[in-house]
Structures are given as C-alpha cells and as structure tokens.
There are 2 protein chains.
Amino acid sequence: MLRLSKLADYAVVVLTRLEESGGAASAPGLSVATGIAEPTVAKVLKTLAQANLVIGTRGAQGGYRLVRPLCAVPISEVIVAVDGPIALTACVDGAVGACDAEATCPVRGRWDPVNDAIRSALSAITLADLKRPARQPKTPSPVAALAAE
Amino acid sequence: MLRLSKLADYAVVVLTRLEESGGAASAPGLSVATGIAEPTVAKVLKTLAQANLVIGTRGAQGGYRLVRPLCAVPISEVIVAVDGPIALTACVDGAVGACDAEATCPVRGRWDPVNDAIRSALSAITLADLKRPARQPKTPSPVAALAAE
DNA sequence: CGCATAGAGGACCGTACTGGTCCTGTATGA
DNA sequence: TCATACAGGACCAGTACGGTCCTCTATGCG
C-alpha cells in the first residue's frame, strides 16, 4: 500500500500542535492536546529531538520547543527522522548483497530515479502546507505544480 | 522506511523480462529467467493479469503477454495493482472512522497533497525508464525535471 | 535541600502484515 | 486423453511495527 508509518503521521500531528501551542509544550501536554497516548507522544518527540527538529529541556517546567517554524520543515525531513531514509526498495544507491538476484536482476539499480522523484516531491512540501484550512493559498504550492504535469 | 512491497519490485522485474522475451512468456519460463521462485512469479503475474497489465492464456503453450509496451506503463499503475491504492496514511480522501482522533487531529485530511504529489511523481515514470542502460537519455526524463526543482 | 516534574534512552512484547508456498479447479494444445 | 499452464483461493512462518514500560538524569519550586 506504500504506507507511511504511523509514527511519522503522529510526528506531523505533534509538530503542528506544537506550533499552535506557541512553539513550546511538554509531552504530557501534547498528549492531551492531540489525543495520542502519552508514551507514544514521548517516543515521537524523542526521535524528533535526535533529528534536531525539536529541542527538549529537562526538569520541571521543561518541554519541547520547535527549532524551526513549520514552513521551514519539509515533510521529507520528518519522514527521514522517524522512518529512516526514503528508499522504496533494498536495491538503492548501488547497495551490494541486499538482493540475492543481483546478477540476473534486469532493473538493477534503476529504482534510483523513482526514489529521487519521491524524495524531491516530499521535499517540496512543508509541514505548514499540511496545516488546517489554507483554502485559497495566494501562491500555488509546488504540490499543485507537480500535480498539474 | 517508506518501503515498497517486494511483490511490486518483482512485478517490475517480471514485466521487464517479459518484454525482453518478446512480449510473451510463461510463468515457469520467467521464473528461470529472473531467478525468482516459480510460485512467486505466478502470484505476481496473476495479480498483474487482474489489473489488465498482462493477459494470460491457459493450456499447453499458454503463458502471459504484455497488453501495452513498457513505455506506456507508469510504475504507479504497477504499484497500485500489486500493493493497492497509493496512500501514505489511513486519513485519505476524507475517509471517516479510520482514525480514532478525527475530532482533534490538526492535520485532518491534509495528507492529500502529499499523496497527490507522490502519485504524480510515480505516474511520470514508466517501466521503460527503469530498464537497464539508458546512460545518456536524449530527452531528459520527467524525473530529472522534478529533481531539478 | 528534597521532591516532583519532565526528558533521554533503552528494553520489551503482542499483533498484524507480508512474503512465500501449496492445493484445487479449469482451459487448451499435442 | 494427457500434460501443460493459468485462475483463485487458503494457508503458514518470519518479521517489522506500534505501543508500553522502566531506569536514569536534569531542573525548577516549595
């Protein structure tokens, strides 16, 4: 189904909520705000912190705050942070040994353009583009431009 | 990891091999040609037949043949045939009830542009684009155009 | 100074999905 | 008439993911 992991979905939700909370909030607070279980929210935030998308401060009155505004965060970055590198198949970047039929594989290493296309498509969309209303965006988003082809 | 199913990978391999065999071959024949186990090849071909990407003829001397040349088959079609609709998350096309936090979800239904972007990116690449050499394509592929943005 | 809060970083387990095989039925050519 | 090959399932095992929990560290407040 070409599915994205739920964690990545949660990450987007949490980050969006984080900005709505003024750019800073705690994991328990975000849990009640989003309806996502607290341990899960914490897990997502910890992952995002490792990717430097948020910064966590410990102690009482601690919490997480956004490093960049959502409009400066492409979803590709979130996906990479949570799900790892974007690669549709194992046969990427000339990886050797990942596929047992390397010798006979007729599409050897040719998924790369596909991966690149998806990467660039995801890089063109920022988290701000996923936010609620934005009914009539003044400037047509790159998404629309891509879809129009 | 945003992974594609192996079956879809196999499908591309099998279809490519099918064209190299003159557009027609049997499942056992494709199995030995690709190195993929015969039951798996059969499964993939059955799926592709349901999607009208190949046509199977029964009986001795039977087999499968391509309906369209590879250059007329976007990979998106193969992926949809094997893996189902391309949708990164459950919250697609305004599906209701799929997400238990619909009420509070701040990105409700906003993954759609992402899905569209990926769909269009995958639609712009045909199976012919994945074939072996094609080192210096005369006409820059749409993939390159997308990546250049 | 001590305690409550909150993040960091793991380990851990159940489930659901995928990959892969196999079985039965049907069609067709030699 | 039989061997071949597709059609359409059911079926099983391995794995990866989602989700929870535990321990440790840091920090603000009473």
Side-chain angles (χ1 to χ4, degrees), chain A residues 1-11 13-14 18 21 24-32 34-67 79 81-84 87-90 98-101, chain B residues 1-11 13-14 18 21 24-32 34-65 67 79 81-84 88-90 98-101:
Chain A
M1 212 234 275
L2 192 68
R3 233 171 67 267
L4 193 65
S5 81
K6 272 191 174 182
L7 272 300
D9 195 355
Y10 291 157
V13 174
V14 166
L18 190 53
S21 304
S26 70
L30 288 170
S31 172
V32 303
T34 59
I36 305 171
E38 200 260 317
T40 303
V41 173
K43 186 179 198 172
V44 169
L45 284 168
K46 277 182 275 190
T47 307
L48 294 175
Q50 287 178 332
N52 273 322
L53 288 171
V54 297
I55 289 184
T57 57
R58 299 186 177 184
Q61 304 296 85
Y64 292 93
R65 60 187 172 82
L66 283 173
V67 171
I79 293 174
V82 176
D83 290 351
L88 293 184
T89 65
C99 179
D100 48 349
Chain B
M1 210 235 274
L2 192 68
R3 230 172 68 267
L4 195 64
S5 81
K6 270 192 174 181
L7 272 301
D9 196 357
Y10 291 157
V13 174
V14 166
L18 191 53
S21 304
S26 70
L30 288 171
S31 172
V32 302
T34 58
I36 305 172
E38 200 261 317
T40 304
V41 173
K43 186 181 198 172
V44 169
L45 284 167
K46 277 181 278 191
T47 307
L48 293 175
Q50 287 178 332
N52 274 321
L53 287 172
V54 298
I55 289 185
T57 56
R58 297 185 177 186
Q61 305 296 86
Y64 292 93
R65 61 187 173 82
V67 171
I79 293 173
V82 176
D83 290 351
L88 293 185
T89 65
C99 179
D100 49 349

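Heavy atoms only: backbone and side chains are in, while hydrogens, waters and symmetry mates are out. Not measured: the values here are computed from a predicted model. Just so we're on the same page: letters track the sequence lines, and every chain starts at 1.
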Exercise. Got A/Leu18 and A/Val54 here, is their nearest side-chain heavy-atom distance under 4.5 Å?
Worked result: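 Touching, per the 4.5 Å side-chain cut-off.
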
Exercise. Are B/Ile55 and B/Tyr64 close enough that some pair of their side-chain heavy atoms sits under 4.5 Å apart?
Worked result: no

Nucleotide nearest [X] when distance is taken to its side chain, options [options]:
X: B/Lys43; options: D/dA5, C/dG19, D/dC21; answer: C/dG19
X: A/Tyr64; options: D/dG19, C/dC22, C/dG7; answer: C/dG7
X: A/Gln50; options: C/dA6, D/dA5, C/dG9; answer: C/dG9
X: B/Arg58; options: C/dG25, C/dA6, D/dG19; answer: C/dG25
X: A/Gln61; options: D/dC29, C/dG19, D/dC17; answer: D/dC29
X: B/Ala27; options: C/dG19, D/dG18, D/dC6; answer: D/dC6

Length of the line joining [X]:[atom1] and [N]:[atom2], which is rounded to integer Å:
X: A/Glu38; N: C/dA8; atom1: CD; atom2: P; answer: 13 Å
X: B/Asp9; N: C/dT18; atom1: CG; atom2: C1'; answer: 14 Å
X: B/Leu48; N: D/dG8; atom1: CG; atom2: C1'; answer: 15 Å
X: B/Asn52; N: D/dA7; atom1: CG; atom2: C1'; answer: 14 Å
X: B/Leu18; N: D/dC6; atom1: CG; atom2: P; answer: 11 Å
X: A/Leu45; N: D/dT20; atom1: CG; atom2: C1'; answer: 16 Å
X: A/Ile55; N: D/dA26; atom1: CD1; atom2: P; answer: 17 Å

Exercise. If you pin A/Lys46 and A/Ala60 to their nearest nucleotides in DNA chain D, which one's is more 5'?
Worked result: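 Counting from the 5' end, the first nearest nucleotide belongs to A/Lys46.
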
Problem set entry | Upstream residue (5' side of DNA chain D) when A/Thr40 and A/Thr57 are each assigned their closest nucleotide |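 Upstream on the strand: A/Thr40.
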
Exercise. Contact class for B/Ala37 vs. all strands (heavy atom < 4.0 Å): base, sugar-phosphate, or nothing?
Worked result: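 The residue B/Ala37 makes sugar-phosphate contact but no base contact.
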
Exercise. Which part of the nucleic acid does A/Leu7 contact within heavy-atom distance under 4.0 Å: base, sugar-phosphate only, or nothing?
Worked result: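 Sugar-phosphate: the residue A/Leu7, judged by heavy atoms under 4.0 Å, touches backbone atoms but no base.
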
Exercise. Is there a donor-acceptor pair closer than 3.5 Å between any side-chain N or O of B/Ser26 and the backbone N or O of B/Gly63?
Worked result: no

For this session: To the nearest 0.5 Å, tell me how far A/Lys6 NZ sits from A/Ile36 CD1.
Result: 10.5 Å

Exercise. For the atom pair CG (B/Asn52) and CD (B/Gln50), what is the distance rounded to the nearest 0.5 Å?
Worked result: 10.0 Å

Exercise. What about B/Lys6: does its side chain form a donor-acceptor pair under 3.5 Å with the base of C/dG19?
Worked result: no

For this session: Could you tell me whether the phosphate oxygens of C/dG20, OP1 or OP2, come under 4.0 Å of any side-chain nitrogen or oxygen in B/Tyr10?
Result: yes

